[in-house]
**Student:** 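Encoded as structure tokens, here's the structure I'll be asking about.
Labels below follow one simple rule: chain letters A, B, ... track the order of the sequence lines, proteins then strands, and each chain is numbered from 1.
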Amino acid sequence: MKEILNDIDRWRTQGQRVAVARVVGLDGSGPRDPGAAMAVSENGEVAGSVSGGCVEGAVVTEALAVLGGTKERGVVTFGYSDDEAFAVGLTCGGTIHVFVEPLDW
Amino acid sequence: MSGRADSSATPVYDALDVALRADEPVALASVIGGKGIGAKLLVRPSGETIGSLGDPDLDRVVARDALGELEAGLTGTRHYGKHGEARERDVEVFIESFVRQPHMVIFGAVDFTASLGRAAKLLGYRVTVCDAREVFATPQRFPMADEVVCDWPDRYLVRVGPSLGPRDAVCVLTHDTKFDVPAIVGALATDVGYLGAMGSRATHGKRVIRLHEAGVTDEELTRVMAPIGLDIGARTPEETAVSICAEIIANRTGRAAPSLRDTDGPLHA
């Protein structure tokens, strides 16, 4: 979280709304531990990461949907255990749970 | 959501922002499932809280658990009843511990110090360089250090030693028994998690005699990683810094990586 504060504060100074995504759980092997965080500005700028680059694109989509009001804040799960054949997975085969929310707290 | 009546729109985030920038330990509890999803409670080591999870009893129980997690440096998810009841699963709470930066103290203001200081910054350490010689212990020579202290190692450790813990490291790079014996003796009196000392196998052999003379026991000597670093054939100050940092990681994780202390070949490739 510490490494993304400067970006978050800069976006907020610009008047942008911000969404924060944090790894809150991990099954099996995962590249980043719980607490790994990324932030997305409403213009789509990104700071930080929640994996080794495998799911960041999908997290940005979720974050923008949460900011845009088309999706509620909540936990999103990424991993090969998903049923959808084309679900976003982790190359290491693990599953991560990411909590995505607007920074309104 | 709590805090909306506060003068700031984001009181919990603002307090978190300030605490993290000041390197103050703090725990952040977030409801990530169930009633009140998104609610936050920030807990300081003093027990002071900011925000609310929406129920005073839940706040009290989670604050207590968060303090325990913070003390252990743990991050994870717990489940509670609506009013904080154990063994119920109405509310899912993610508790994240933000602990202070680990501290690396490097004794000896030498070339290896600058490289080790840079590598330690990469790994997130707060870095102190300490040397008793005024001409060498200057911030200009060690711009990467958070602090350059001109003092004797034993005197410095009397002051700072009590703050050192399992996540911290002391690296003795002085190459001079006049400095490294008091540095090692002083560091052994602390709870520091990693203690390494530079020097050839012959140098360390002589140092062990001096340490014994200073009253250090064989059991205490098992804490000293010397020659410092992993046996990866490092040559340059930069490569040596990598071998030292890798040894610190391996010590922490308990993984089998060949320390120079436990091998018997030449130190350099």
Side-chain angles (χ1 to χ4, degrees), chain A residues 1-27 29-30 32-42 47-50 59 62-63 65-67 69 71-78 95-105, chain B residues 1-4 6 8-42 50-54 69-70 73-79 92-101 121-124 126 253:
Chain A
M1 193 79 185
K2 193 174 179 179
E3 69 285 0
I4 61 176
L5 293 176
N6 284 342
D7 288 306
I8 292 176
D9 292 350
R10 191 181 68 250
W11 297 332
R12 297 183 77 210
T13 306
Q14 293 165 353
Q16 291 197 69
R17 291 190 307 131
V18 175
V20 175
R22 285 179 296 157
V23 176
V24 294
L26 196 62
D27 306 319
S29 150
R32 301 287 310 269
D33 285 330
M38 74 185 257
V40 180
S41 77
E42 63 184 315
S49 77
V50 292
V59 171
E62 292 287 335
V66 167
L67 282 179
K71 234 174 157 173
E72 292 292 313
R73 73 186 77 211
V75 174
V76 190
T77 295
F78 299 100
T95 301
I96 58 170
H97 307 279
V98 180
F99 185 63
V100 184
E101 59 180 339
L103 204 174
D104 58 0
W105 39 273
Chain B
M1 287 288 291
S2 66
R4 286 303 170 86
D6 215 288
S8 158
T10 55
V12 176
Y13 173 78
D14 294 346
L16 177 68
D17 192 336
V18 170
L20 294 185
R21 289 179 189 278
D23 199 23
E24 289 167 6
V26 72
L28 177 66
S30 311
V31 176
I32 60 167
K35 188 172 175 287
I37 189 167
K40 296 283 185 299
L41 184 70
L42 190 81
I50 296 167
S52 172
L53 303 183
E69 297 283 84
L70 182 58
L74 296 174
T75 288
T77 302
R78 287 165 174 255
H79 295 87
E92 191 178 1
V93 180
F94 178 65
I95 300 175
E96 181 170 7
S97 292
F98 297 93
V99 293
R100 67 171 182 81
Q101 272 183 293
K121 289 310 293 177
L122 181 67
L123 294 180
R126 183 163 71 83
T253 57

**Student:** Strictly distance-based, threshold 3.5 Å: is any side-chain N or O of S97(B) a donor or acceptor partner for the main-chain N or O of T75(B)?
**Tutor:**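 Absent.
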**Student:** Is V23(A) close to chain B through its backbone or its side chain, or both, or neither, when contacts mean heavy atoms under 4.5 Å?
**Tutor:**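 Just its backbone gets close to chain B.
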**Student:** Give, as side chain, backbone, both or neither, the part of Y13(B) having an atom under 4.5 angstrom from any heavy atom of chain A.
**Tutor:**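 Both parts, heavy atoms under 4.5 Å.
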**Student:** For atom NZ of K2(A), is the number of surrounding heavy atoms from other residues, nucleotides or ligands below 6.0 Å larger than 12?
**Tutor:**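 Yes - once you tally the heavy atoms of other residues, nucleotides and ligands closer than 6.0 Å, there are more than 12.
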**Student:** Which bit of V31(B) is near chain A, if near means a heavy-atom gap under 4.5 Å: side chain, backbone, both or neither?
**Tutor:**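 When you check distances to chain A, only backbone atoms of V31(B) fall under 4.5 Å.
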**Student:** What part of L16(B) lies closer than 4.5 angstrom to a heavy atom of chain A: side chain, backbone, both or neither?
**Tutor:**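 L16(B) touches chain A through side-chain heavy atoms alone.
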**Student:** Between D17(B) and R12(A), does any NZ, NE, NH1 or NH2 come within less than 4.0 Å of an OD or OE carboxylate oxygen?
**Tutor:**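 A salt bridge is absent here (no side-chain N lies under 4.0 Å from a carboxylate O).
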**Student:** Using a cut-off of 6.0 Å, state whether more than 12 heavy atoms not belonging to E72(A) lie near its atom CD.
**Tutor:**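 No, because the 6.0 Å sphere around CD of E72(A) holds 12 heavy atoms or fewer from other groups.
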